[in-house]
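Structure, as structure tokens:
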Amino acid sequence: IVVTGSDDHLWKMWALPDGNIIMTGEGHTDWLSGCCFHPSGTQLVTSSGDTTVQIWDFSKRGCILTLEGHARTVWDCSWHSCGDFVASASMDNTSKIWDVNSERCRYTMCGHKDSVNSIEFLPFSNTVLTSSADKTLSLWDAR
């Protein structure tokens, strides 16, 4: 399975090796910058230039949650291995930890001096790694 974004604000999920489109998602109002599969493989999280993070459910064939709170483009997103939290990295110099069950931001991590370009949870851990245009990597305790 491959997920691709496009300039028309759509993402497409392709089956390999036959190349058939499995699902198309429409909901972001600007270009897509990142995506990550839920650990169970039943959902997808996407980030966008529209400052939002969206969660897509494959069985419902659509967006089930839009997370808003960043002031600028969201460059990247990642699922925690438990599947209950999403991390996002933004051009607003912050990263956020979202609680999917309560549908709210649990933590905002400030400290980078420039855009936060990528974010990743250490598997089976509360540690988050961010990389920034300020030429630094940061490790965060997300508890």
Side-chain angles (χ1 to χ4, degrees), residues 1-16 20-143:
I1 294 177
V2 175
V3 177
T4 60
S6 66
D7 289 338
D8 57 6
H9 320 304
L10 296 173
W11 60 264
K12 294 177 181 166
M13 188 180 307
W14 306 81
L16 295 178
N20 292 328
I21 295 175
I22 299 171
M23 184 176 165
T24 300
E26 182 176 7
H28 284 292
T29 59
D30 208 340
W31 46 273
L32 294 153
S33 55
C35 63
C36 183
F37 285 107
H38 186 279
S40 70
T42 60
Q43 295 179 333
L44 180 76
V45 63
T46 57
S47 55
S48 172
D50 67 9
T51 74
T52 68
V53 173
Q54 292 188 342
I55 297 175
W56 306 82
D57 187 281
F58 300 142
S59 66
K60 294 183 169 84
R61 302 196 60 79
C63 178
I64 59 168
L65 180 60
T66 299
L67 302 168
E68 299 178 277
H70 282 292
R72 297 185 67 192
T73 294
V74 182
W75 286 123
D76 195 24
C77 52
S78 177
W79 282 101
H80 186 276
S81 52
C82 74
D84 292 331
F85 300 96
V86 166
S88 59
S90 174
M91 190 181 239
D92 66 10
N93 303 0
T94 69
S95 50
K96 294 182 181 287
I97 306 296
W98 304 89
D99 183 328
V100 176
N101 297 315
S102 68
E103 302 180 4
R104 66 179 180 89
C105 178
R106 181 68 65 94
Y107 305 107
T108 299
M109 297 172 287
C110 302
H112 283 294
K113 305 281 188 247
D114 205 341
S115 175
V116 184
N117 298 332
S118 69
I119 192 161
E120 188 70 36
F121 282 101
L122 180 66
F124 308 103
S125 160
N126 292 315
T127 302
V128 179
L129 175 66
T130 56
S131 67
S132 172
D134 66 13
K135 301 178 184 131
T136 65
L137 298 172
S138 292
L139 286 171
W140 308 83
D141 184 344
R143 283 180 288 181

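In the displayed structure, Arg143 atom CZ is contacted under 6.0 Å by at most 12 heavy atoms of other residues, nucleotides or ligands.
Of the residues Leu139, Leu122, Asp141, Ile119, the one that meets the side chain to side chain contact (heavy atoms under 4.5 Å, CB included) test with Val128 is Ile119.
Of all heavy-atom pairs between Asp30 and Asp50, the closest is CB-N, 3.4 Å. Closest non-hydrogen pair, Trp56 versus Thr46, comes out as NE1-OG1, 2.9 Å. Nearest approach of Gly69 to Lys96, heavy atoms of both residues: O-CE, 3.5 Å. Contact between Ile97 and Phe121 at its shortest, heavy atoms only, is CD1-CZ, 3.8 Å. The two atoms that bring Leu44 and Phe58 nearest to each other are CB-CZ, 3.7 Å, heavy atoms only. Considering all non-hydrogen atoms of both residues, Asp134 and Asp114 come closest at N-CB, 3.5 Å.
Rounding to the nearest 0.5 Å gives a distance of 12.0 Å between CZ of Arg104 and CG of Leu67. Here Ser48 contributes atom OG and Trp31 contributes atom CH2; the two are 7.0 Å apart, rounded to the nearest 0.5 Å. For the atom pair SG (Cys36) and CG (Asp76), the distance works out to 8.0 Å, reported to the nearest 0.5 Å. Annotation: the span from Gln54 atom CD to Cys77 atom SG amounts to 10.5 Å, rounded to 0.5 Å. Taken to the nearest 0.5 Å, the SG atom of Cys63 stands 10.5 Å off from the CD atom of Gln43. Atoms CH2 and CG, on Trp140 and Asn126 in that order, are 15.0 Å from each other to the nearest 0.5 Å.
Taking Asp99 as the reference, Arg106 meet the salt bridge (Lys or Arg N to Asp or Glu O under 4.0 Å) condition, with sequence neighbours excluded.
The aromatic rings of Phe85 and His80 lie perpendicular to each other, with more than 60° between the two planes, well past the 30° mark.
Here the side chain of Ser78 pairs no donor or acceptor atom with the backbone of Glu120 at under 3.5 angstrom. Using a distance-only test at 3.5 Å, with no hydrogens or angles considered, a donor-acceptor pair links the side chain of Asn93 to the main chain of Ser115. Counting only distance, with no hydrogens or angles, the side chain of Ser33 and the backbone of Ser47 share a donor-acceptor pair below 3.5 Å. Judged by distance alone, the side chain of Asp92 and the main-chain N or O of Ala71 form a donor-acceptor pair under 3.5 Å. Looking only at distances, no side-chain donor or acceptor of Ser81 sits under 3.5 Å from a matching main-chain atom of Pro123.
Using modelled atom types, one finds no donor on one side chain facing an acceptor on the other under 3.5 Å when comparing Thr66 with Thr52.
Between Asp84 and Val100, the closest side-chain pair of non-hydrogen atoms is not below 4.5 Å.
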Mind running side chain to side chain contact (heavy atoms under 4.5 Å, CB included) on Thr51 and Glu68 for me, showing each step along the way? CA-CA 7 Å; Thr51 74; Glu68 299 178 277; over 6 Å; no
Take Cys110 and Thr94 through the side chain to side chain contact (heavy atoms under 4.5 Å, CB included) test and state the conclusion after the steps. CA-CA 5 Å; Cys110 302; Thr94 69; 3.9 Å; yes
